[in-house]
Amino acid sequence: MRRKIAAGNWKMNGLTASLTELDTLAARFPKPGCDVLICPPATLIAPAKARAGSIAIGGQDCHTGVSGAHTGDVSAEMLADIGASHVIVGHSERRDDHGESSELIEAKAEAAWRAGLTAVICIGESLAQREAGETLDVLTEQLAQSTPDGATAANTVIAYEPVWAIGTGKVPTLAQIGEVHDALRGQLEARFGAEGTGIRLLYGGSVKPSNAAEIFAVSNVDGALVGGASLKADDFGGIISALEAA
Ligand code: PGA
């Protein structure tokens, strides 16, 4: 059985005062029935970790190097040093805003492992790719190229996030989500064997308390990566509860 994960990505949102949302979650879920992960902006990782209870804290990106002359970048080792256990790599906003390639994301996932972090590797098709019938081909290539050899159930989580569903309120049909997750599972098992069976597959893109339960019932959906609805403890708490019940 794969333990399910409710992961929140705060993106470039949150000041110190926002940590009260985390306090509320930590108090509501002292022993959650699924893994709970919050990825706040890098500025809040250390204070978040200090008050997160059994909620894991992660980064949203990392550099491939350990240290050096890379102004503004943060290494995986630095994230680990301040209490992160996970790091998101390859989010579509990084791929788009910063031109990140799957090859770079693969190197970032290896950097995460080097630092002892679990890599949450994101993949997803654009609307044009979906409408052109290219979804599975695009995802197959992104998954193959973004995931390093050596991926295990412990060091890797995959998040399928259709780019057109992120922050838009649009969600694929349950059949579309299931088709993708089943295909990704098959690909992971073909490449990684039993570890591929254990790697958790998250769905992301406009997940809310109101649609979480039906998404969590889809085959090979092991949880969610949540953006907007992770910012408020009430909303994210509803999603965690739906996952605990799934
Ligand atoms: P959203 O973002 O939940 O706001 O659609 C998801 C994500 O980008 O991880």
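Side chains are part of it too, since the values below use all heavy atoms of this structure and drop only hydrogens, waters and symmetry mates. Whatever order the structure lists them in is the order used to number ligands and atoms, beginning at 1.
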With nothing but distance in play, are any N or O atoms of Gly204 less than 3.5 Å from an N or O of ligand 1? no
Pick from Gln60, Lys11, Glu93: the one approaching atom 2 (O) of ligand 1 most closely through a non-hydrogen atom: Lys11
Would you mind reporting whether Asn9 and Gln60 have side-chain heavy atoms less than 4.5 Å apart? yes
shortest atom 4 (O) of ligand 1-to-protein heavy-atom contact is with Gly228 N, 2.8 Å
Which of the numbered atoms in ligand 1 are under 4.0 angstrom from any heavy atom belonging to Glu161? 6 (C), 7 (C), 8 (O), 9 (O)
For the 3.5 Å polar cut-off, considering only N or O atoms, please tell me whether Gly205 and ligand 1 meet it. no
pair Val89-Glu100: side-chain heavy atoms closer than 4.5 Å: no
How far apart are the C-alpha atoms of Arg95 and Ser102, what are their side-chain angles, what is the distance that settles it, and do they pass the side-chain hydrogen bond (donor to acceptor under 3.5 Å, both in side chains) test? CA-CA 8 Å; Arg95 291 181 188 257; Ser102 290; 2.9 Å; yes
For a side chain to side chain contact (heavy atoms under 4.5 Å, CB included) with Ser206, tell me which candidate from Ile215, Val171, Val226 qualifies. Val171
Listed partners of Lys49 passing side chain to side chain donor-acceptor pair (under 3.5 Å), at least two apart: none
Is the closest heavy-atom distance from Gly167 to ligand 1 below 4.0 Å? yes
Counting only heavy atoms not in Glu141 (residues, nucleotides, ligands), do more than 12 fall under 6.0 Å from its CD? no
Contact atoms of ligand 1, heavy-atom distance to Ser206 under 4.0 Å: 1 (P), 3 (O), 5 (O)
Kindly give the heavy-atom pair with the smallest separation between Pro209 and Ile239, and that separation in Å. N-CG1, 3.7 Å
Tell me, please: is His91 in heavy-atom contact with ligand 1, that is, under 4.0 Å? yes
Under-4.0 Å heavy-atom contact with ligand 1, by part of Ala165 that carries it: backbone
Ligand 1 and Gly227, any nitrogen or oxygen pair closer than 3.5 angstrom? yes
